[in-house]
Structure formats: C-alpha cells, structure tokens
Engineer: 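Here it is, the structure, as structure tokens.
Computed from heavy atoms alone, side chains included, the values below leave out hydrogens, waters and symmetry copies. Given the structure is predicted, the values throughout are model-derived calculations rather than measurements.
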Amino acid sequence: MADFNSLNSNCFTITGKNREECMDKLFQRYNKNFQIINFRTVFKKGIWGFGQKEFIEATYQVTNQAYQPSPSAPVSSSLSVNSAPPVFSSPYQKVDPRAPVRPRSENSFVENRDKILQSSNPTVTSNLQIGALSKQIEDMKKNLETQFEIIKEQTSIAPDHKNITKIEEILEDNEFTRNYIKKITSRIKSEITLDLLDDFNYVQECVLQWIGESIPVANTLLTKSPRIIVLIGPTGVGKTTTVAKLASAIAVDAKRNKDKYKWEPRIRMITTDTMRIAAQEQLSRWAEIIKVRVDKAENSEDLEKLFASYAPNSDYIFVDSSGYSPNDFDHILRMRQILDVKNFNEHIYLTVVAGVSASDLDNIIRNYETFDFKSVIVTKCDETKRFGRIISVLSERNKPVSWVATGQEIFKTIQPASKAFFLKRLTGFNVDAHFIEKKFGSADKELEVSE
C-alpha cells in the first residue's frame, strides 16, 4: 500500500450492507488504486423515523489520479479539496504536518468532536443515532397516544351505558361471579354496536345466548356394560338419595318403554359409606321399591369381590360413597383407594348442591379432582333461585353438568342436565321461553338409557 504522504488529500465515502460489499464496489471502480481510511456504522432513516437500517460506510482515498470518481460513481465526497486529511487510528498512518490550523468556535468543536468519535468508534455513532431516534420515537408516541384517545372517545361504548349497567345488576342478582360478569360486559362492549346497545331486548337475548353457550353439559348416555356409576362429594349433598333416583329412573323407564329393552335392566347397588350407620338402611328402603339389593363394601377388597360377582350379569352398578368435608384430605384419599379396583372402569360424578357458594364450589372441585371425575350432578335445585354461582364456576372450570335433581322424592325428580334448565331459572331477564327453547331446546329432557 502506498505511503500516506503520497496520497491525494481528497477523501470519499461509500456505503454497503457490510465491509465486503464496500470493498467489492471499490475494486470494481478503482481496481487496487484506493486506500481505506476508516469503516463506521451508519443508519438510513425510513418513513417517520421507522424502519431504519444499519449500513457500513467506508472512508477512502484514491491512490491514482486516473481513477478519480466520476459524477455517476456510487460515492460521495466527505471532505473538500482544501480540507486537511483526518486523524487515522492506524499506527502506520500519520497526520499531515502541512495541514493548516484553523480557529474553532464552540459549535465547530462539538461537531468535530462528534466526527472524530464517530470515525474512531462505531459504538459512539450508534449511541448518538439511537439517542436521536429515541427522541423521534418519543415524540411520535405522544402524538399517537393523543390520536388514540381521540379515536377511543369517538368510537368506544361508555362503560356506564344504562343497558350495560342493567345487565350487570341482573347478573349480580343471579349471583354470577365478578369475573364472569366482567367477561359478559366485555363481550357487550366489543360485539354490540352503539345503536344496538340502545335496544335492551336485543342485548339481553345476546347475553342469554352467551350464558347458554358457556354452560358445559355432559352426555348422560352410557353404552358399555356394566355401567358403573359412582357418586362422590361432600357430606349432605344427597348422594344416597341421588343414587336411588338414578336407579329408579332407569327401572321406571324400562316399565314404561318396554320396546326399548330386550330385557329388564339388571341393577345393583353398593355403598361404601362407613361413616353413617343408617346409610345402607336408607338406600335399602328405596331399593326395595324397585326390587334391587344393596351390598356394603368397607374396603377395596370388598368392592373388588362384589364387582367380580356382579360384573358378568349386571347392566348397572351404582356405588354410593361416604361424604367428607372437601378439606378432609386423609378421608378423601382413603375413599379414592377403596375405588382402586382392577378393570372397574367407573364413571365418577361429583355431587354438589345448587345453593353452594362460588368459593366453596371452586374449593370442592379442586380438592376432589384426585378422583378424575368427568362431570357433575347438581342436587337440591328446588332450594335456590340463584344459579349464577353454579354456572360461573363450572364454566370457568370447564366441568360439565350431567344430571340435575330436585326435591326428596325419588321418582320424577331427576333429569339429564340441559342449558335450558338453567337459563329458564335465571331471574330478571324478560325473554320469551320460546327464544330459549329455539336456541337450546327444551328444559325438560327425557331420560336416555342404553341397553
């Protein structure tokens, strides 16, 4: 490479995606008749300061006068003919002692300082440019926030619209959870236009439809024989009565619809309730009405023997379990161990009362999940008029309802669950029953029984 003193004092710049691209451009134009002085990182601004891209800028000098760049060359002059050559960072390059010393003002000092820093350290260049870019972005951010607030005021639905407030009050009166109500009001604001929001009949129909869609309902039809149905749940929820109701419903249906059956359903009952002395006697009294025997299993071995005896010649085997506090983990675990029978293939239903609080129901579901129950039976539906708690928690937990029960009588007081059953029992909505039936069917479903 030629000595610095023999170089022309003019300096030029060229940019590329990287150093290699800069060098390629220079070789194409000058062959080997150039000398690189410095590389630095630069940014090219996009529209409004966005989309800036990083490039490499090469500062160079031409070592042969015959190769001075033409106006069409892809380069730009960074220093005038009379300018002094820059200070180089290479130990093999020297400052021309013939360069004139010029007086500098405070502004020119700052400018030259930045140029020197940028030439010697690409990081400084980036920091300076990032600082300028940050200010541009901050200004744009403030402007966009102002514009967004204007648009929001013009297009959003006021949170205190009278019909939204009215829906919230109805949902609160039905004791839906706060989280569930929030989801409903969010849907109103995002899916119902301001014009339609003024029509309360339309709004409440939409809300009822959304509530119905959120209610998970299980299929109660069991096909594999023997159908083993196990009821679990806290004390006092009516598991024993519900076992009798389910067995009675099957027996009554068989008598009324003999064409559906090849033979009369063979039903067995087993109780594992060792806590209540009268549990077996209570179940036996109801079982006598439909001519079904009740056996008792105090442990897993007893249950296994009874299952082995019943399985070959039974269509339905009902198991009534002990009731414990949902916080009594020891007894709940022991009860789960009793059900640990080979090839049992049971269908486990968590039994809860309709009037349970939302927090208690959530706790019950969480603590009984060790049973891996697939659906829920809701009992004592005649003892409450507030079904929002049940709907909210089961929806949030995605636990489907299989059966609903009302009253103490074992006949005609249990039915497969339906969305319409719960929707028709919500208060405060002034919607024709035909609307609910058209969307979700009848509230009174018939028992489905498979041979």
Engineer: Indicate the atoms forming the closest heavy-atom contact of Thr220 with Ser402, along with that distance.
Structural biologist: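 Taking every non-hydrogen atom into account, CG2-O, 3.0 Å.
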
Engineer: Name every donor-acceptor pair, under 3.5 Å, that has one atom in a side chain of residues 194-203 and the other anywhere in the protein, sequence neighbours excluded.
Structural biologist:
residue: Asp198; atom: OD1; partner: His161; partner atom: NE2; Å: 2.9
residue: Asp199; atom: OD1; partner: Asn201; partner atom: N; Å: 3.2
residue: Asp199; atom: OD1; partner: Tyr202; partner atom: N; Å: 3.4
residue: Asn201; atom: OD1; partner: Gln204; partner atom: NE2; Å: 3.2

Engineer: Heavy-atom distance under 4.5 Å between the side chains of Arg389 and Val393, does that happen here?
Structural biologist: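 SC-SC contact between Arg389 and Val393 ruled out.
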
Engineer: Is there a side-chain contact between Val319 and Glu346, using heavy atoms and a 4.5 Å cut-off?
Structural biologist: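 The answer is no, as the side chains (C-beta and beyond) never meet within the 4.5 Å cut-off.
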
Engineer: Determine, step by step, whether Thr240 and Asp320 satisfy the side chain to side chain donor-acceptor pair (under 3.5 Å) criterion, reporting the C-alpha distance in whole Å, the side-chain angles of both residues, the deciding distance to 0.1 Å, and the verdict.
Structural biologist: CA-CA 6 Å; Thr240 303; Asp320 179 26; 2.6 Å; yes

Engineer: Is there a donor-acceptor pair under 3.5 Å between the side chain of Ser190 and the backbone N or O of Ser186?
Structural biologist: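 A pair under 3.5 Å: yes.
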
Engineer: Roughly how far apart are Phe329 CZ and Thr370 OG1, rounded to 0.5 Å?
Structural biologist: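 Between Phe329 CZ and Thr370 OG1, I get 11.0 Å after rounding to 0.5 Å.
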
Engineer: Salt bridge or not for Glu437 and Lys424, using N-O below 4.0 Å?
Structural biologist: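 So Glu437 pairs with Lys424 through a salt bridge.
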
Engineer: Taking 4.0 angstrom as the limit, do Glu21 and Lys25 come out as a salt bridge?
Structural biologist: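 Salt bridge present between Glu21 and Lys25.
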
Engineer: For the residue pair Ile270 and Val294, establish whether any side-chain heavy-atom pair is separated by less than 4.5 Å.
Structural biologist: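 They are not in side-chain contact.
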
Engineer: Can you find a heavy atom in the side chain of Thr351 that is under 4.5 Å from one in the side chain of Ile232?
Structural biologist: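 No. Closest side-chain heavy atoms not under 4.5 Å.
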
Engineer: Going from CZ on Arg293 to CZ on Arg268, what distance comes out if it is rounded to the nearest 0.5 angstrom?
Structural biologist: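 Here the interatomic distance stands at 9.0 Å.
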
Engineer: Could you go through Glu205 and Gln209, starting from their C-alpha distance and side-chain angles, then the distance that decides it, and tell me whether this counts as side chain to side chain donor-acceptor pair (under 3.5 Å)?
Structural biologist: CA-CA 6 Å; Glu205 286 181 356; Gln209 181 170 337; over 6 Å; no

Engineer: Taking Lys260 first and then Asp253, would you say they form a salt bridge - that is, a charged N and a carboxylate O separated by under 4.0 Å?
Structural biologist: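 Salt bridge between Lys260 and Asp253, a charged N being under 4.0 Å from a carboxylate O: yes.
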
Engineer: Output yes when a side-chain donor or acceptor of Lys419 lies under 3.5 Å from a complementary backbone atom of Gly212, and no otherwise.
Structural biologist: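 Flag set: sc Lys419 to bb Gly212 pair under 3.5 Å.
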
Engineer: Does the separation of the ring centres of Phe344 and Phe307 fall below 6.0 angstrom?
Structural biologist: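 Under 6.0 Å, so yes.
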
Engineer: What are the two closest non-hydrogen atoms of Gly236 and Val353, and how far apart are they?
Structural biologist: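 Residues Gly236 and Val353, closest heavy atoms: O-CG1, 4.2 Å.
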
Engineer: Is there a donor-acceptor pair under 3.5 Å between the side chain of Asn219 and the backbone N or O of Leu221?
Structural biologist: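 A pair under 3.5 Å: yes.
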
Engineer: Between Ile414 and Val404, is there a side-chain heavy-atom distance shorter than 4.5 Å?
Structural biologist: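 With C-beta onward as the side chain, the pair stays apart.
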
Engineer: Name the orientation class of the two ring planes belonging to Tyr30 and Tyr60 (parallel below 30°, tilted from 30 to 60°, perpendicular beyond 60°).
Structural biologist: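 Judged by the thresholds at 30° and 60°, the geometry between Tyr30 and Tyr60 is tilted.
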
Engineer: Are the side chains of Thr271 and Phe318 in touch, meaning some heavy atoms are under 4.5 Å apart?
Structural biologist: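 Side-chain contact under 4.5 Å: no.
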
Engineer: Please report the closest heavy-atom contact between Pro416 and Trp403, naming both atoms and the distance.
Structural biologist: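 So the minimum-distance heavy-atom pair works out to N-CE3, 3.6 Å.
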
Engineer: What is the minimum heavy-atom distance between Ala254 and Pro265, and which atoms define it?
Structural biologist: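 That would be CB-CD, 3.4 Å.
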
Engineer: Please determine, by modelled atom types, if Ser214 and Tyr180 share a side-chain donor-acceptor pair under 3.5 angstrom.
Structural biologist: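 Indeed, the side chains of Ser214 and Tyr180 share at least one donor-acceptor pair under 3.5 Å.
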
Engineer: Supply the atom-to-atom distance Ile170 CD1 to Lys166 NZ, rounded to the nearest 0.5 angstrom.
Structural biologist: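 One gets 6.0 Å once the value is rounded to the nearest 0.5 Å.
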
Engineer: The criterion is ring-ring contact (aromatic ring centres under 6.0 Å, His included); which residues satisfy it with Phe435, sequence neighbours excluded?
Structural biologist: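 Not a single residue meets the ring-ring contact (aromatic ring centres under 6.0 Å, His included) criterion with Phe435.
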
Engineer: If you take all heavy atoms of Met335 and Tyr368, which pair is closest and at what distance?
Structural biologist: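 So the minimum-distance heavy-atom pair works out to CE-CE2, 4.1 Å.
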
Engineer: Determine, for Lys17 against Glu54, whether the closest basic-nitrogen to carboxylate-oxygen distance falls under 4.0 angstrom.
Structural biologist: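 No, Lys17 and Glu54 are not salt-bridged.
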
Engineer: How many angstroms lie between atom CZ of Phe440 and atom CG of Leu208, to the nearest 0.5 angstrom?
Structural biologist: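 One finds 8.0 Å between CZ of Phe440 and CG of Leu208.
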
Engineer: Looking at CZ of Arg336 and CZ of Arg334, how far apart are the two atoms once the value is rounded to the nearest 0.5 Å?
Structural biologist: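 Rounded to the nearest 0.5 Å, the CZ-CZ separation comes out at 15.5 Å.
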
Engineer: Without swapping roles, check the side chain of Arg425 against the backbone of Phe421 for a donor-acceptor pair under 3.5 Å.
Structural biologist: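 At least one qualifying donor-acceptor pair exists.
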
Engineer: Write down the atom of Asn18, the atom of Ile56, and the distance for their closest heavy-atom approach.
Structural biologist: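 In terms of heavy atoms, the two residues are closest at CA-CG1, 3.8 Å.
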
Engineer: Salt bridge or not for Glu369 and Arg397, using N-O below 4.0 Å?
Structural biologist: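 Yes, charged N to carboxylate O under 4.0 Å.
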
Engineer: Taking atom CD of Glu264 and atom CD1 of Ile290, what is their separation to the nearest 0.5 Å?
Structural biologist: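 The CD atom of Glu264 sits 10.0 Å away from the CD1 atom of Ile290.
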
Engineer: Would you check if the side chain of Asp315 reaches a backbone N or O of Arg266 as a donor-acceptor pair within less than 3.5 Å?
Structural biologist: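 Here the side-chain-to-backbone pair exists.
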
Engineer: Answer yes or no: is there an ion pair linking Arg366 with Asp362, defined by an N-O contact shorter than 4.0 Å?
Structural biologist: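 Salt bridge flag = yes for Asp362 with Arg366.
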
Engineer: Side-chain contact test, heavy atoms from C-beta onward, threshold under 4.5 Å: evaluate it for Ile14 versus Glu57 and give yes or no.
Structural biologist: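 No - every pair of side-chain heavy atoms lies 4.5 Å or more apart.
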
Engineer: Using 4.0 Å as the upper bound for N to carboxylate O, is an ion pair formed by Lys374 and Asp372?
Structural biologist: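 Answer for the salt bridge query: yes.
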
Engineer: With a 6.0 Å cut-off on the ring centroids, do Phe34 and Phe12 count as close?
Structural biologist: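 Between Phe34 and Phe12, the centre distance exceeds or equals 6.0 Å.
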
Engineer: Side-chain contact test, heavy atoms from C-beta onward, threshold under 4.5 Å: evaluate it for Lys399 versus Ile365 and give yes or no.
Structural biologist: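 SC-SC contact between Lys399 and Ile365 confirmed.
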
